[in-house]
Every structure is written in structure tokens, then in C-alpha cells.
Amino acid sequence: MSRLTVLAAMSGGVDSAVAAALLAEQGHAVTGVTLKLWCYGTSPVSPRACCTLDAIDDARRVAARMGFPHFVVEAEEVFRARVLQPFLDAYAQGRTPYPCALCNQHLKFGDLVGRMELIGAEALVTGHYARVAPGPDGSPGLFRAADRDKDQSYALAMIPFDVLARVRFPLGELEKDAVRAHAARLGLSVWDKPESQDLCFVPDGDYAGFMVRNLGETRGTNPGPFVDRAGRVLGRHRGIIHYTVGQRRGLGLAASEPLFVLAIDAEANTVVVGGRAALESPGLVTGPANWLQPAPPAPGTRAQVQIRSRHRPAAARLHPQADGSVEVRFEAPQAAVTPGQACVFYDGDRVMGGAEIAHALAAGAPDAEAVGAAAAPDARPVTA
């Protein structure tokens, strides 16, 4: 194996530490870098929060242990502009964003790739659980990790196709237990560090509270009506940023059947609710797609489609549109299709590409019709 000059992204956690350390152990010339984001030093103190000043110290200690240099890069402004602001804008517009995809796209595989030139690096190494391997045509492809429980390919679907040839994911073939075992074997101080959860800048999961308390957001906080699909008022909501498509708990509505959030209309400040069956959709339309293959697939191509991070991929057909969007038709209706979430297309273990969900298709919508409203959502969020 030839010796590579490597730039290793280090968050301060065990995964990125082991990824960098394994390359150093193999004799590659590693330089560690931690992007100091807006949330470093402002996130709530928690053992599961990755964005803390202690995390920077952890990364430094790992680099010192393995004998390679480590630098901290100020990235607060780009993080605020490319991740935080879109996060706020999406919620205010009645959508549910997926900030991890934006962070990977613009910072870890955007800003850092640009910085590779500064040290003459040939490869970017991260601690993501995913694999890069040649596809059938020989071009690099993004594939699921061996450890399915840790697989992060969904969160990586928006990264630029042209960076795949320069990326290394040393953990792609490893189980999580093996990663911790490597950390212990190498004497890394983070070997037993708890894993971070949820959004790095909202470790407690209270998105609405974070937006109001930490960022001073006021959009989407005014109370308004809960309505059914016929427009009848059923009660009052606390502000649209507190709700997401598919949500059942915390509505405070009395009804003869369980009610779920079906859609959020930010302009009218209404939250639409209804029964479980009304959550089902035969398909969706995305915004412009990011393809991780040389060209978009042919119309009608079969794929497995994942519409949120914990969603079990569903069989569907893809219909790329002239405006860059994709119409997705599921073989069986899917629940809680959420505007703003990432929609990722798989061919087996390979990620074909991904896009942001623009809106769900209504039952009975014409099949594979060119939809001009890809940028004008008519529904909102999802958990599930």
C-alpha cells in the first residue's frame, strides 16, 4: 500500500478518532482537523453532546497519542449560514429539515475537501459508517456499512459525487464493538466515550426550545387552530414549530380515534390532523436530486427508497424530471411523507442519490406526471 497524505476530520468522538488512528498506524501521513462549529462551547453540557470544547481537547489528545499534528479550523460562520439558518427557515415554513445532510454536504465534504489542497492531501478520512467501492461501471460508489445498525449512508447521500474518489471510510467494514476495541488497543482516551445522539447542536432533542431559547426564533411560535381535512376547527396548537407530520402525542385533542398530524400550513398557521389512514401516500416529489452515479437512472427504474433516518426502505420506481426533481412511486403506500426530510435512493447496498422531499403525492395523482410544484411544498414534517 502506497503512503498517502491524509486529512482526517476529528470531532472528538471515538469513531473519528479510530478512523484517523488506523490510518496513522498503517504509516500514512495524517493531519487531524476539527471544525469548530457555532455550537462548540454553546451546546448544553451532556456526555452525549459532540460539540463541546472538551471534544476538541479529546481530538488533540488522540493526535498526540498517535504522533500526528492536529489543527482547529474556525467554521462557525459557514455552519450558521449553511446549516443553522436553513434549519430555522425550514421549520418556519412548516417543513422538517435534516441538518446532518447539509453539514456533510457543505462542511465535512465541502469545506474540508477545499482545505485538503492546503496540505497537499490525497484523501479525506472520516469516522462515518459507510463504504466507498467501485460500482459496475468502475466509478466510485457509496455503499451501506457492514454494521447495519450504525450505517450512515443515508446522511451522506447529498455529498458531491466527485469527492467519492478522494474519501476513505476506515470504519465501513467494522462493527461498533471492533471500533472500541481498536481504540482501547491503541490507548486512545476516548475508547469508552458515550456516543452522541440526535443533532449535534440539540443533544436534548428539544428542537423548538432550542430555536426559541438559543437562537431567538419567533416565526412559527404563535398559537393557531388545529383543523381536520374539511377545515373544521378542533382546538388550538402551541405554534407550528412544535409539530411534525406523523406526530400523535402531545396534541391535547379529544377524539373518537387517535389523531395524527397530517400537514402544517405555515401561511395559514394551521396544523391539519386526521386518522392514521390519512397519513398514507402513494409517492412523493423531491427537489433537485444529487446523484452519486455518473448519470440519473432511466425513468421507471426500481429502487429502495428511504424517507427518514429510521425508515425501513420501501420498494419504489423513480421518475427523474426535466427540472432535476424526482417523482417517486411506492409499490405500497408509505406513512408520514415529510417535506424537508431527505429521500435517499438505493440499489441494493449502493446509494444511487438523494434529494429533499418537496411534497407527498395525493392518492389518485397521475403516475409519473411532470410535477411543476417540486419547490412548492403542500405539507410538512415527520418523525416516526
Side-chain angles (χ1 to χ4, degrees), residues 1 4 6-23 25-26 28 48 50 98-105 107-109 112-113 123-136 139-161 163-186 188 190-191 193-200 290-293 303-314 341-354:
M1 181 188 298
L4 296 175
V6 172
L7 183 65
M10 302 179 70
S11 67
V14 63
D15 292 331
S16 60
V18 169
L22 288 177
L23 270 292
E25 185 183 37
Q26 293 166 10
H28 299 296
R48 293 188 179 277
C50 62
Y98 185 55
C100 296
L102 290 176
C103 189
N104 284 330
Q105 178 184 23
L107 279 86
K108 295 172 185 174
F109 298 90
L112 274 186
V113 170
L124 174 67
V125 171
T126 78
H128 287 96
Y129 286 83
R131 294 178 294 137
V132 173
S139 65
L142 177 67
F143 292 80
R144 289 192 183 276
D147 188 337
R148 289 298 193 268
D149 291 335
K150 299 300 297 179
D151 175 57
Q152 293 174 296
S153 59
Y154 174 83
L156 295 168
M158 306 302 185
I159 69 175
F161 177 48
V163 309
L164 288 181
R166 307 175 69 186
V167 170
R168 302 290 186 275
F169 297 129
L171 310 189
E173 301 289 349
L174 300 177
E175 301 288 326
K176 181 69 180 194
D177 288 346
V179 172
R180 289 200 182 277
H182 276 300
R185 175 181 63 81
L186 294 168
L188 306 185
V190 296
W191 74 271
K193 188 174 183 178
E195 294 185 72
S196 59
Q197 287 187 341
D198 266 317
L199 297 185
C200 62
N290 177 64
W291 296 108
L292 292 175
Q293 56 188 38
Q304 293 292 311
V305 176
Q306 187 170 342
I307 58 174
R308 48 190 175 273
S309 61
R310 298 298 181 186
H311 176 247
R312 185 173 183 176
Q341 287 283 287
C343 177
V344 179
F345 321 121
Y346 288 89
D347 178 6
D349 282 349
R350 184 176 184 178
V351 178
M352 303 166 67

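Here the structure is a predicted model, which is why all the values come from computation and not from measurement. This chain uses plain numbering: 1 for the first residue, then up along the sequence.
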Could you tell me whether the side chain of [X] and the main chain of [Y] form a donor-acceptor pair under 3.5 Å?
{"X": "Asn290", "Y": "Gly353", "value": "no"}
{"X": "Tyr129", "Y": "Asp15", "value": "no"}
{"X": "Asn104", "Y": "Met158", "value": "no"}
{"X": "Lys193", "Y": "Gly12", "value": "yes"}
{"X": "His28", "Y": "Leu4", "value": "yes"}
{"X": "Thr126", "Y": "Ala9", "value": "no"}
{"X": "Asp347", "Y": "Met352", "value": "no"}

Requested in this report: Please step through side-chain contact (heavy atoms from CB on, under 4.5 Å) for the pair Glu25 and Leu186, ending with a clear verdict.
Outcome: CA-CA 9 Å; Glu25 185 183 37; Leu186 294 168; 3.6 Å; yes
Query raised in the report: Between Phe109 and His128, what is the ring plane arrangement, given parallel below 30°, perpendicular above 60°, and tilted in between?
Result: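 The rings of Phe109 and His128 sit tilted, inter-plane angle from 30° to 60°.
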What's the separation between atom [atom1] in [X] and atom [atom2] in [Y], rounded to the nearest 0.5 Å?
{"X": "Arg144", "Y": "Gln152", "atom1": "CZ", "atom2": "CD", "answer": "12.0 Å"}
{"X": "Leu112", "Y": "Leu107", "atom1": "CG", "atom2": "CG", "answer": "7.5 Å"}
{"X": "Asp151", "Y": "Phe143", "atom1": "CG", "atom2": "CZ", "answer": "12.5 Å"}
{"X": "Leu292", "Y": "Leu156", "atom1": "CG", "atom2": "CG", "answer": "9.0 Å"}
{"X": "Phe169", "Y": "Leu174", "atom1": "CZ", "atom2": "CG", "answer": "13.5 Å"}

Report summary line: When Val125, Leu124, Val113 are each screened for side-chain contact (heavy atoms from CB on, under 4.5 Å) with Leu7, the one that passes is Leu124
Query raised in the report: So Tyr346 and Val351, side-chain contact (heavy atoms from CB on, under 4.5 Å) or not? Walk me through it.
Result: CA-CA 5 Å; Tyr346 288 89; Val351 178; 3.5 Å; yes
Can you find a pair of side-chain heavy atoms, one from [X] and one from [Y], that are under 4.5 Å apart?
{"X": "Lys176", "Y": "Asp149", "result": "no"}
{"X": "Val14", "Y": "Leu188", "result": "no"}
{"X": "Pro170", "Y": "Gln26", "result": "no"}
{"X": "Arg350", "Y": "Gln293", "result": "yes"}

Check [X] against [Y] and note the closest heavy-atom contact, atom names and distance.
{"X": "Val190", "Y": "Gly13", "result": "CG2-O, 4.2 Å"}
{"X": "Tyr98", "Y": "Ala155", "result": "OH-CB, 3.4 Å"}
{"X": "Gln304", "Y": "Pro313", "result": "OE1-O, 3.4 Å"}
{"X": "Ser16", "Y": "Ser11", "result": "OG-N, 3.1 Å"}
{"X": "Ala157", "Y": "Val344", "result": "CB-CG2, 3.5 Å"}
{"X": "Leu142", "Y": "Ala130", "result": "CD1-CB, 4.0 Å"}

Report task. List in chain and number order the residues that pass ring pair (Phe, Tyr, Trp, His ring centres under 6.0 Å) with Trp191, two or more places apart in sequence or in another chain; answer none if no residue qualifies. Result ->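 Counting only residues at least two positions away or on another chain, Trp191 forms no ring pair (Phe, Tyr, Trp, His ring centres under 6.0 Å).
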Report task. Determine whether more than 12 heavy atoms belonging to other residues, nucleotides or ligands lie under 6.0 Å from atom CZ of Arg312. Result -> no
Query raised in the report: Which residues pass the salt bridge (Lys or Arg N to Asp or Glu O under 4.0 Å) test with Arg131, sequence neighbours left out?
Result: Glu173, Asp349
Query - For Lys150, salt bridge (Lys or Arg N to Asp or Glu O under 4.0 Å) partners two or more places apart - result: Glu195
